[in-house]
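Some notes on the structure that comes next.
In this chain, numbering begins with 1 at the start of the sequence shown. Fair warning: this is a prediction, and the values are worked out from it, not measured in the lab. Counting convention: from 1, in listed order, for ligands and their atoms alike.
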Amino acid sequence: MMDGVSLADIAQNFGTPTYVYSQQAILAAYKAYDDSFAEIDHQICYAVKANSNLAVLNELAKAGAGFDIVTGGELARVLAAGGDPKKIVFSGLGKTAEDIRSALEVGIACFNVESEAELYRINAVAGKLQQQAPISLRVNPNVDAQTHPYISTGLKENKFGITHEDAPRIYQIAHDLPHLKVVGIDCHIGSQLTQVQPFMDALDKVIEMIHALAKQGIALEHIDLGGGLGVQYIDEDVASIQQFAQLLLPKLKTLGLTLYLEPGRSIVANAGVLLTRVDILKPTEHKNFAIVDAAMNDLIRPALYQSEMAVIPTQLNSPVEAKVWDMVGAICETGDFLAKNRVLALADNDILAITGAGAYGFVMSSNYNSRPRACEILVKEGHAHVIRERETIESLWQNEKLVD
Ligand SMILES: Cc1ncc(COP(=O)(O)O)c(C=O)c1O
Ligand SMILES: N[C@@H](CCCC[NH3+])C(=O)O
């Protein structure tokens with residue numbers, strides 16, 4: 001069940017594979033952040049990349065959330081969903097002049113700048129619009145986020161941010177450019193961090209930089225600690241949003257700056273499941289394969305990061321023997337698996353829920369093997385609402401053209 005609605009009924013009525021999200025759980029996680037940091041001036045900017053469905057963004061906008069975006073596409077989505085441009089921070093390594101212009105025209109809160117070249121680009125666009133662009137530098141505190149290497153971003157060998165050593169010089173350039181206004185400092189050290197210590201280490205480094213900048217005559221209005229707090233997928237020990245706040249607040253309070261946070265996963269991951277149907281059971285001498293109707297094109301996290309996500313049957317089936325199964329998709333790739341070595345009692349047509357799928361699920365899906373992308377449902381106030389129709393096969397080639 002999700003908030004009183006049967007997931008088996010959703011699968012029956014809307015088909016599978018289908019993503020289902022709980023409005024209540026999304027808002028509860030947002031509120032946990034908002035309440036936990038109530039003692040200081042703060043803005044929670046939900047990281048749109050985690051789940052960018054318009055209905056999800058709209059629910060968060062109505063609750064007062066700001067948004068962390070990384071492209072002009074995400075900016076357009078937030079505006080289409082009714083988000084307040086004044087609560088938007090714009091992160092990302094490769095903001096185009098066009099994206100920067102659109103963001104300046106609607107008056108976003110801040111650009112999180114990742115290179116010296118980007119500063120000149122923003123300054124030039126802002127100059128043409130006769131504006132001063134609000135900016136932060138994304139500094140790289142060189143701390144080990146202790147997470148998967150593909151989603152660790154705060155080490156000096158990562159492509160993100162500006163190094164600790166370079167930051168004073170680049171801040172000075174920003175301070176001196178006529179169409180920029182330095183308003184903050186930003187860092188984001190990685191994703192799926194289960195403990196608070198790496199955030200504390202990063203905060204210490206950022207605080208040192210804030211003091212050094214003050215000596216340079218550069219005063220800031222806000223500190224942005226990015227996103228990255230993890231969630232429990234199986235049985236990991238993960239700090240709660242409340243613990244995260246309790247540990248960070250004492251240091252933050254001494255700064256007297258507005259706090260920005262950019263959580264993505266910790267707001268939506270455990271608010272969502274991916275429903276899939278057992279299509280073919282293929283026990284073999286070496287392994288038992290359950291071929292399901294979702295695949296790596298629907299949910300790429302297991303293939304890309306070897307991430308483990310829990311699989312729960314949605315109904316009690318006829319007593320069949322539990323066995324160890326690999327849950328795989330029907331795509332022509334050996335890497336196409338959703339879960340490995342799970343003890344499950346499976347029968348044909350059983351509906352399974354992959355949990356933790358509200359973040360980096362649908363947004364990372366593709367049409368590989370010409371598979372239409374899944375439908376998305378929002379459970380709100382006891383009803384299941386379709387918030388994205390399942391794609392049709394014909395829609396897959398709508399932008400393609402034959403050549404004579
Ligand atoms: C700059 C930035 N902010 C926020 C996030 C959101 O991270 P998470 O979903 O781990 O909270 C990311 C993704 O890691 C990011 O790159
Ligand atoms: N997509 C990743 C997280 C990357 C976060 C984006 N900076 C995941 O599913 O875990």
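- Every atom of ligand 1 is numbered from 1 in the order shown, and the set under 4.0 Å from a heavy atom of Arg138 is 1 (C).
- Using a 4.0 Å cut-off to heavy atoms of Pro263, the atoms of ligand 1 that qualify are 11 (O).
- Geometrically, ligand 1 and Tyr360 share a nitrogen or oxygen pair separated by less than 3.5 Å.
- Under a 4.0 Å criterion applied to the non-hydrogen atoms of Met364, ligand 2 contributes the atoms 1 (N).
- A 6.0 Å sphere centred on CD of Glu394 holds more than 12 heavy atoms belonging to other residues, nucleotides or ligands.
- Ligand 2 places these atoms under 4.0 Å from at least one heavy atom of Arg301: 8 (C), 9 (O), 10 (O).
- Taking OG of Ser91 as the reference point, atom CG of Asp224 lies at 6.5 Å (rounded to 0.5 Å).
- Inclusion of Tyr305 in the set of residues having an N or O under 3.5 Å from an N or O of ligand 2 is warranted.
- Remark: Lys87 NZ to Ile108 CD1 distance equals 15.0 Å, nearest 0.5 Å.
- Of all the atoms in ligand 1, the ones that sit under 4.0 Å from a non-hydrogen atom of Gly227 are 4 (C), 11 (O).
- At most 12 non-hydrogen atoms from other residues, nucleotides or ligands lie less than 6.0 angstrom from CD of Glu389.
- Contacts between His188 and ligand 1, counted as non-hydrogen atom pairs separated by less than 4.0 Å, involve the side chain only.
- Atoms of ligand 1 found under 4.0 Å from any heavy atom of Asp68 (numbered from 1 in listed order, with element): 2 (C), 3 (N), 4 (C).
- At a heavy-atom distance under 4.0 Å, only side-chain atoms of Ala47, from C-beta outward, approach ligand 1.
- Within a 6.0 Å radius of CD in Gln232, more than 12 heavy atoms belonging to other residues, nucleotides or ligands are found.
- Where the criterion is an N or O separation shorter than 3.5 Å, residue side chain and backbone included, Arg265 meets it with respect to ligand 1.
- Residue contact check: Ser191 has heavy atoms under 4.0 Å from atoms 8 (P), 9 (O), 10 (O), 14 (O) of ligand 1.
- Atoms CG and SG, on Leu225 and Cys187 in that order, are 5.5 Å from each other to the nearest 0.5 Å.
- Not a single side-chain hydrogen bond (donor to acceptor under 3.5 Å, both in side chains) links Asp336 to another residue, sequence neighbours left out.
- The only option from Leu7, Ile312, Thr314 that meets the side chain to side chain contact (heavy atoms under 4.5 Å, CB included) definition with Val273 turns out to be Leu7.
- Residue Gly226 has no nitrogen or oxygen atom sitting less than 3.5 Å from a nitrogen or oxygen atom of ligand 1, judged on distance alone.
- Of the heavy atoms in Gln192, none comes closer than 4.0 Å to ligand 2.
- At a threshold of 4.0 Å, the pair Lys31-Asp35 counts as salt-bridged, since one of the basic side-chain nitrogens sits closer than that to a carboxylate oxygen.
- Checked by distance only, ligand 1 and Ser91 stay at 3.5 Å or farther apart across all their nitrogen or oxygen atoms.
- Ligand 2 has a nitrogen or oxygen under 3.5 angstrom from a nitrogen or oxygen of Arg265.
- A salt bridge does not link Glu308 with Lys340: none of the charged nitrogens is closer than 4.0 Å to a carboxylate oxygen.
- A salt bridge links Lys181 with Glu221; the closest basic N to acidic carboxylate O contact falls under 4.0 Å.
- Considering backbone and side-chain N/O atoms, Ser191 never comes within less than 3.5 Å of an N/O atom of ligand 2.
- The residue Asn112 has no part lying near ligand 1, judged by heavy-atom distances below 4.0 Å.
- The shortest N or O to N or O distance between Gly228 and ligand 1 is under 3.5 Å.
- Atoms of ligand 2 found under 4.0 Å from any heavy atom of Lys49, numbered from 1 in the order shown, are 6 (C).
- Between atom CZ of residue Phe244 and atom OG of residue Ser266 there is a gap of 7.5 Å, rounded to the nearest 0.5 Å.
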